[in-house]
Amino acid sequence: MTSSRPYLIRALYEWIVDNNCTPYILVNAEHAQVKVPQGFARDGQIVLNISPSAVRGLQMDNEALSFEGRFGGVAHHLYIPAAAVLAIYARENGQGMVFDLEPPVFDEDGPDDDGPSGGEPPRPSGRPSLKVVK
């Protein structure tokens with residue numbers, strides 16, 4: 001099953017902008033594929049304003065966000081894999097969502113997700129149930 005993160009990022013972005021707020025994302029700047037200007041990250045993270053008035057050419061798909069942004073008056077092309085987005089929220093009120101860290105995805109040469117047996121994962125037994133949280 002694919003990650004729900006890119007879908008949630010797009011939905012929250014639209015909701016924040018529709019409510020006349022400023023969408024910010026918190027990014028893991030140490031993620032292998034992140035491309036952000038050097039020197040602007042703190043403690044391995046960077047906060048980015050991705051409002052329509054702050055960026056140009058914003059593209060959001062199931063793999064990544066990419067856009068052009070200005071840092072110190074200089075335009076930079078940024079590339080943020082969806083897995084590197086740690087949170088998206090409205091600057092004005094902090095409403096949004098924080099995401100869990102996703103484990104790294106390996107290519108064909110790396111470990112696979114099949115576990116030690118290499119077979120199909122075990123099927124759940126019993127009836128599914130939902131728990132009500134109060």
Side-chain angles (χ1 to χ4, degrees):
M1 191 176 236
T2 61
S3 172
S4 61
R5 186 179 305 217
Y7 299 93
L8 294 169
I9 293 168
R10 289 192 301 267
L12 286 165
Y13 173 85
E14 186 175 326
W15 175 72
I16 292 167
V17 171
D18 284 353
N19 283 281
N20 298 314
C21 291
T22 310
Y24 275 25
I25 56 173
L26 175 64
V27 176
N28 174 2
E30 295 175 343
H31 187 281
Q33 297 174 326
V34 167
K35 292 187 177 94
V36 295
Q38 296 296 318
F40 290 93
R42 284 200 175 142
D43 299 324
Q45 300 178 343
I46 187 168
V47 175
L48 301 170
N49 175 350
I50 58 168
S51 68
S53 62
V55 301
R56 287 177 34 174
L58 177 63
Q59 296 286 320
M60 290 190 273
D61 60 29
N62 290 348
E63 303 303 317
L65 289 77
S66 62
F67 54 92
E68 186 176 292
R70 298 184 77 75
F71 291 80
V74 178
H76 294 271
H77 180 77
L78 286 83
Y79 181 84
I80 317 294
V85 177
L86 301 174
I88 180 168
Y89 60 94
R91 179 189 60 134
E92 291 78 3
N93 58 23
Q95 290 187 9
M97 183 175 285
V98 176
F99 301 103
D100 289 332
L101 287 175
E102 285 191 0
V105 176
F106 296 99
D107 60 12
E108 293 176 12
D109 299 329
D112 58 26
D113 293 332
D114 290 340
S117 68
E120 288 286 318
R123 299 194 118 200
S125 61
R127 291 183 51 172
S129 64
L130 296 175
K131 293 182 180 179
V132 177
V133 179
K134 295 182 180 181

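Small disclaimer: the values here were computed from a predicted structure and weren't measured.
Listed by first and then second residue, the ring-ring contact (aromatic ring centres under 6.0 Å, His included) pairs that reach into residues 41-69 come to none, sequence neighbours excluded. Among pairs with a residue in residues 21-36, those fulfilling side chain to side chain donor-acceptor pair (under 3.5 Å) read Thr22-Glu92, at least two apart in sequence or across chains. Judged as a side chain to side chain donor-acceptor pair (under 3.5 Å), the pairs with a partner in residues 8-21 (not counting sequence neighbours) are, in order, Arg10-Asn62.
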Do any side-chain atoms of residues 69-85 form donor-acceptor pairs under 3.5 angstrom with protein atoms, and if so which ones, sequence neighbours left out?
residue, atom, partner, partner atom, Å
Arg70, NH2, Gly73, O, 2.6

Please table the atom pairs, donor to acceptor, closer than 3.5 Å between any side-chain atom in residues 38-54 and protein atoms at least two apart or in another chain.
residue, atom, partner, partner atom, Å
Asn49, OD1, Ser51, N, 2.9
Asn49, OD1, Ser51, OG, 3.0
Ser51, OG, Ser53, OG, 3.3
Ser51, OG, Ala54, N, 3.4

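A single hydrophobic cluster is not seen to contain both Val17 and Leu26; linkage of ILVMFWY side chains at heavy-atom distances under 4.5 Å, directly or through other members, places them apart.
The CE atom of Met60 sits 8.5 Å away from the CD1 atom of Ile9 when rounded to the nearest 0.5 Å. Note: Ile25 CD1 to Leu86 CG = 9.5 Å, rounded to the nearest 0.5 Å. One finds the SG atom of Cys21 at 12.5 Å from the OH atom of Tyr89 (value rounded to the nearest 0.5 Å).
Pairing each heavy atom of Ile16 with each of Pro23, the nearest pair is CG2-N, 3.6 Å.
When the shell of 6.0 Å around CD of Glu63 is examined, it contains 12 or fewer heavy atoms from other residues, nucleotides or ligands.
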